[in-house]
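Sequence positions, counted from 1, serve as the residue numbers for this chain.
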Amino acid sequence: MIRYRRPKQDDSTIIQLIESELVPLSSMDGKQILEIKKDLPKRLTNGVTLVASPYYEGDAVGFVHFMLHGDLLYIDMLAVASAAQRKRWGNLLMVQAERFAQSRGCKRSKVMVDTINTIGLSFYKKLGYAPTRIHPSSKIYELEKQLQV
């Protein structure tokens, strides 16, 4: 099931997922990663975080954090525990985030993916996202998708 984040229950798992699933795929240096980790609690209060869980009271196996900017849905972070990958949790999280955004007037979606994250890039392409540009200095692909009206 997909539900809204419960900070007391979910934040430690979300931070663990970031450290185990996202940080190893990042092109950032150690100093940049430390700054981002320090900012995570505040970052999670901006926008919406949905959590994937086997049942309503269960612990998170994945999450998506996103923000809405006018007609744009910006996917900030998506991670699924390695043991829960390839079980459609990522797809379900993205569908819910896109539906949420569409219900609030968003017409397009954007996500950034590190160039070394080939699995993430493939995942987003299967969902209909297309690379719009690359940021060579930060080694990040920018991908976009038009949302159905």
Side-chain angles (χ1 to χ4, degrees), residues 1-28 33 36-37 39-135 138-149:
M1 81 162 313
I2 306 300
R3 60 173 172 74
Y4 288 99
R5 163 185 163 251
R6 297 181 195 130
K8 288 182 182 177
Q9 179 181 353
D10 299 323
D11 283 4
S12 62
T13 302
I14 288 170
I15 290 169
Q16 180 185 17
L17 286 169
I18 291 167
E19 290 179 1
S20 65
E21 303 300 329
L22 297 180
V23 169
L25 298 171
S26 175
S27 302
M28 290 185 269
I33 290 171
I36 287 173
K37 284 182 184 180
D39 192 44
L40 278 174
K42 182 181 175 193
R43 187 170 171 180
L44 288 172
T45 64
N46 296 322
V48 178
T49 305
L50 299 176
V51 169
S53 174
Y55 53 95
Y56 185 74
E57 294 298 327
D59 290 332
V61 296
F63 78 97
V64 62
H65 178 74
F66 58 92
M67 292 165 267
L68 307 180
H69 300 284
D71 73 345
L72 175 68
L73 162 64
Y74 177 71
I75 304 297
D76 182 36
M77 296 180 281
L78 170 72
V80 176
S82 56
Q85 290 177 6
R86 305 198 62 76
K87 296 181 180 173
R88 307 205 41 86
W89 289 117
N91 290 52
L92 290 170
L93 287 162
M94 288 298 294
V95 165
Q96 287 298 110
E98 289 174 0
R99 284 183 184 160
F100 181 98
Q102 287 171 300
S103 75
R104 284 150 179 84
C106 289
K107 295 179 174 62
R108 58 195 179 98
S109 180
K110 180 188 288 191
V111 64
M112 308 287 225
V113 179
D114 286 272
T115 56
I116 63 171
N117 185 356
T118 56
I119 293 171
L121 184 61
S122 175
F123 170 79
Y124 288 112
K125 284 182 175 180
K126 286 178 185 172
L127 294 179
Y129 287 78
T132 55
R133 64 182 168 171
I134 187 169
H135 299 270
S138 53
K139 301 176 186 168
I140 292 177
Y141 288 111
E142 184 176 311
L143 296 97
E144 280 199 36
K145 172 183 176 178
Q146 295 299 313
L147 299 176
Q148 303 299 323
V149 180

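For the atom pair CG (Leu22) and CD1 (Ile33), the distance works out to 10.5 Å, reported to the nearest 0.5 Å. A distance of 5.5 Å separates CG in Leu40 from CE in Met77, rounded to the nearest 0.5 Å. To the nearest 0.5 angstrom, Ile75 atom CD1 is 12.5 Å from Met112 atom CE. Between the CG atom of Leu73 and the CZ atom of Phe100 there is a distance of 9.5 Å, given to the nearest 0.5 Å. Rounding to the nearest 0.5 Å gives a distance of 9.0 Å between CE of Met67 and OG1 of Thr49. Rounding to the nearest 0.5 Å places CD of Gln148 at 7.0 Å from CD of Gln102.
Residues that satisfy the ring-ring contact (aromatic ring centres under 6.0 Å, His included) test with Tyr129, not counting sequence neighbours, are Tyr124. With sequence neighbours left out, the side-chain contact (heavy atoms from CB on, under 4.5 Å) criterion links Ser12 to no other residue. Not a single side-chain contact (heavy atoms from CB on, under 4.5 Å) links Pro41 to another residue, sequence neighbours left out. Taking Gln9 as the reference, Arg6 meet the side chain to side chain donor-acceptor pair (under 3.5 Å) condition, with sequence neighbours excluded. With sequence neighbours excluded, no residue forms a side chain to side chain donor-acceptor pair (under 3.5 Å) with Asn117. With sequence neighbours excluded, the residues forming a side-chain contact (heavy atoms from CB on, under 4.5 Å) with Ala60 are Asp10, Thr13, Val51, listed by chain and number. By the side chain to side chain donor-acceptor pair (under 3.5 Å) test, Gln146 is found to be paired with no residue, residues two or more places apart in sequence or in another chain being considered. For the salt bridge (Lys or Arg N to Asp or Glu O under 4.0 Å) test, no residue two or more places apart in sequence or in another chain qualifies with Asp59. A search for side-chain contact (heavy atoms from CB on, under 4.5 Å) contacts involving Pro131 returns Lys125, Leu143, not counting sequence neighbours.
Residue pairs meeting the salt bridge (Lys or Arg N to Asp or Glu O under 4.0 Å) criterion with at least one member in residues 91-104, sequence neighbours excluded, are Glu98-Lys145. Applying the salt bridge (Lys or Arg N to Asp or Glu O under 4.0 Å) rule to pairs touching residues 60-71 yields Asp71-Arg108, sequence neighbours excluded.
Heavy atoms only, all atoms of each residue included: Met1 and Tyr56 are closest at SD-CA, 3.0 Å. Nearest approach of Leu44 to Arg5, heavy atoms of both residues: O-NH1, 3.2 Å. Pairing each heavy atom of Gly70 with each of Cys106, the nearest pair is O-SG, 3.8 Å. Across every non-hydrogen atom of Ala97 and Leu50, the tightest pair is N-CD1, 3.9 Å.
When each of Ile140, Ile116, Asp114 is tested with Ser26 by the rule side-chain contact (heavy atoms from CB on, under 4.5 Å), just one qualifies, namely Asp114.
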Would you mind writing out the side-chain donor-acceptor pairs for residues 83-93 within the sub-3.5 Å range, not counting sequence neighbours?
| from | atom 1 | to | atom 2 | distance (Å) |
| --- | --- | --- | --- | --- |
| Gln85 | NE2 | Glu21 | OE1 | 3.1 |
| Gln85 | NE2 | Val80 | O | 2.8 |
| Lys87 | NZ | Ala83 | O | 3.3 |

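Within 6.0 Å of atom CD1 in Ile134, more than 12 heavy atoms from other residues, nucleotides or ligands are found, so the atom counts as buried in its surroundings.
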